[in-house]
Amino acid sequence: MSDQPRLPRHVGIIMDGNGRWAQLRGLPRIEGHREGAQSVRDVTRAARRLGLEALTLYAFSSQNWARPADEVRALMQLLCDYLRDEHDEIMDNQIRLDAIGDVERLPPHVRDPLDALRAESAHHTGMTLTLALSYGGRESIARAIRAVAADVAAGTLAPDDIDVDRFGAYLPTTRLPPLDLLVRTSGEQRISNFMLWELAYAELVFVDVMWPDFRKDQLHEVLDQYAARERRFGLTSGQIAARAELTADDSDVET
Ligand code: FPP
């Protein structure tokens, strides 16, 4: 990997292709999820070493509840095993584990260790690893709107004060840095209801690799792609170049 001159602060990943990875090998789909859990471990470790501030993984969508019951059960068991097996890794590496989504729907054998590890790691400052569980971007926005409406009804929020920043504070991602990079594996080019609000200015990278084959090296490759992108946030290239010069001048003065 080349040097990382521009590391994203926050990376989100749609971990797609577990089922196809398994089917291509004549294996049951759950074997793809099992191997995918190894990718979660590998990518998390690599992200932490690189110094990412936040990594958000789409592990189970609101819509995934409609999958065959035995696949849902197996995924819940994998999550439960993951929380048990990664406990020490998370604690020893100052990782703050968090979750977004309708986590109340998770069965107790997942929700209990999840809540416990969230609480135990809440003070960590190293990297925030957020698992999107029973998560949907539209559901998340709808939930935030309900909370906004409740505050307006209670008289603690004036409708005229609702702007992008104020609304964003009602989303569960409010404690995270802005999403800089969204990666989807498996070659599919869709967002599938993931972080719809948060990805407004994220760079998108779609990779032709199934999630179980996405490891440290593939993470480094997408970070290289990100570093080569020009992010304009609605400005022109010329404005971006002028800003970069100003920043360089400022740091010259300081040193
Ligand atoms: C999408 O692939 C993947 C999922 C719905 C589940 C992701 C779960 C894991 C990576 C393992 C468990 C997670 C953790 C955090 C330990 P798919 O099944 O839709 O693949 P397909 O499109 O090829 O069928």
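All values derive from a computational prediction rather than experimental measurement. Note: hydrogens, waters and symmetry copies are ignored here, and every other heavy atom, side chains too, is used.
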Problem - Check against side-chain hydrogen bond (donor to acceptor under 3.5 Å, both in side chains), Arg146 and Tyr170 - result: CA-CA 10 Å; Arg146 279 199 299 276; Tyr170 283 82; over 6 Å; no
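- Looking at heavy atoms from C-beta onward, Arg84 lies out of side-chain contact with Pro113 at the 4.5 angstrom threshold.
- Two different hydrophobic clusters hold Ile14 and Val207 under the rule that ILVMFWY side chains link at heavy-atom gaps under 4.5 Å.
- The number of heavy atoms from other shown groups lying within 6.0 Å of CZ (Arg243) does not exceed 12.
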Practice task
Carefully, step by step, assess His87 and Leu117 under the rule side chain to side chain contact (heavy atoms under 4.5 Å, CB included).
Solution key: CA-CA 7 Å; His87 174 276; Leu117 196 46; 3.6 Å; yes
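- A salt bridge links Arg232 to Glu230: one of the charged nitrogens lies within less than 4.0 Å of a carboxylate oxygen.
- Considering only residues two or more places apart in sequence or on other chains, Arg96 meets the salt bridge (Lys or Arg N to Asp or Glu O under 4.0 Å) condition with Asp98.
- The stretch residues 149-177 participates, sequence neighbours left out, in no salt bridge (charged side-chain N to carboxylate O under 4.0 Å, His left out) pair at all.
- For the side-chain contact (heavy atoms from CB on, under 4.5 Å) test with His33, the passing option among Met15, Glu71, Gln77 is Glu71; the others fail.
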Exercise for the section: Evaluate the salt bridge (Lys or Arg N to Asp or Glu O under 4.0 Å) criterion for residues Glu104 and Arg111: first the C-alpha distance (whole Å), next the side-chain angles of each, then the deciding distance (0.1 Å), finally the verdict. Expected result: CA-CA 7 Å; Glu104 298 80 17; Arg111 204 176 54 231; over 6 Å; no
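- Put simply, the side chain of Arg6 gets close to the backbone of Tyr226: a donor and an acceptor are under 3.5 Å apart.
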Exercise for the section: May I have the step-by-step check of side chain to side chain contact (heavy atoms under 4.5 Å, CB included) for Leu97 and Glu120, ending in yes or no? Expected result: CA-CA 9 Å; Leu97 182 85; Glu120 211 181 332; over 6 Å; no
Exercise for the section: Determine, step by step, whether Asp42 and Gln38 satisfy the side-chain hydrogen bond (donor to acceptor under 3.5 Å, both in side chains) criterion, reporting the C-alpha distance in whole Å, the side-chain angles of both residues, the deciding distance to 0.1 Å, and the verdict. Expected result: CA-CA 6 Å; Asp42 199 62; Gln38 290 302 333; over 6 Å; no
Exercise for the section: Report the C-alpha separation of Leu55 and Met127 in whole Å, then their side-chain angles, then the decisive distance to 0.1 Å, and conclude whether the side chain to side chain contact (heavy atoms under 4.5 Å, CB included) test is met. Expected result: CA-CA 8 Å; Leu55 176 67; Met127 177 180 85; 4.2 Å; yes
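- Ring planes of Phe233 and Tyr201: tilted class, angle from 30 to 60°.
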Problem - salt bridge (Lys or Arg N to Asp or Glu O under 4.0 Å) evaluation trace for Arg20 with Glu188 - result: CA-CA 12 Å; Arg20 275 165 288 165; Glu188 305 286 348; 3.1 Å; yes
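- Leu133 is not connected to Tyr58 by any chain of hydrophobic side-chain contacts under 4.5 Å among Ile, Leu, Val, Met, Phe, Trp and Tyr, and they are in different clusters.
- The shortest heavy-atom contact between Ile162 and Leu157 is CG1-CD2, 3.9 Å.
- Within the model, atoms CG of Asn93 and CZ of Arg49 stand 7.5 Å from one another, a figure rounded to the nearest 0.5 Å.
- Of the possible polar contacts, none joining the Arg9 side chain to the Leu52 backbone as a donor-acceptor pair under 3.5 Å is found.
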Practice task
Kindly indicate, with the supporting measurements, whether the criterion side-chain hydrogen bond (donor to acceptor under 3.5 Å, both in side chains) is fulfilled by Ser39 and Arg215.
Solution key: CA-CA 6 Å; Ser39 295; Arg215 300 287 164 101; 2.8 Å; yes
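- Note on Leu196 and Phe194: same hydrophobic cluster, where clusters join Ile, Leu, Val, Met, Phe, Trp and Tyr whose side-chain heavy atoms are under 4.5 Å apart, directly or indirectly.
- Residues Trp197 and Leu57 are members of separate hydrophobic clusters, defined by side-chain heavy-atom contacts under 4.5 angstrom among Ile, Leu, Val, Met, Phe, Trp and Tyr.
- Formation of a donor-acceptor pair under 3.5 Å by the Ser61 side chain with backbone atoms of Asn64 is found in this model.
- Residues Gln63 and Asn193 form a side-chain contact, since some pair of their non-hydrogen atoms from C-beta on lies under 4.5 Å apart.
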Exercise for the section: Please step through salt bridge (Lys or Arg N to Asp or Glu O under 4.0 Å) for the pair Asp16 and Arg184, ending with a clear verdict. Expected result: CA-CA 7 Å; Asp16 193 20; Arg184 181 176 187 139; 3.0 Å; yes
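- Both Tyr82 and Trp211 are part of a single hydrophobic cluster, where members link through side-chain heavy atoms under 4.5 Å apart.
- Separating the CG atom in Asp213 from the CD atom in Gln218 is a distance of 7.5 Å, to the nearest 0.5 Å.
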Exercise for the section: Evaluate side chain to side chain contact (heavy atoms under 4.5 Å, CB included) for Asp180 paired with Glu203, printing each intermediate quantity in order. Expected result: CA-CA 6 Å; Asp180 292 318; Glu203 294 295 322; over 6 Å; no
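- Using a 4.5 Å heavy-atom threshold, the side chains of Thr128 and Leu176 count as touching.
- The number of heavy atoms from other shown groups lying within 6.0 Å of CZ (Arg229) is above 12.
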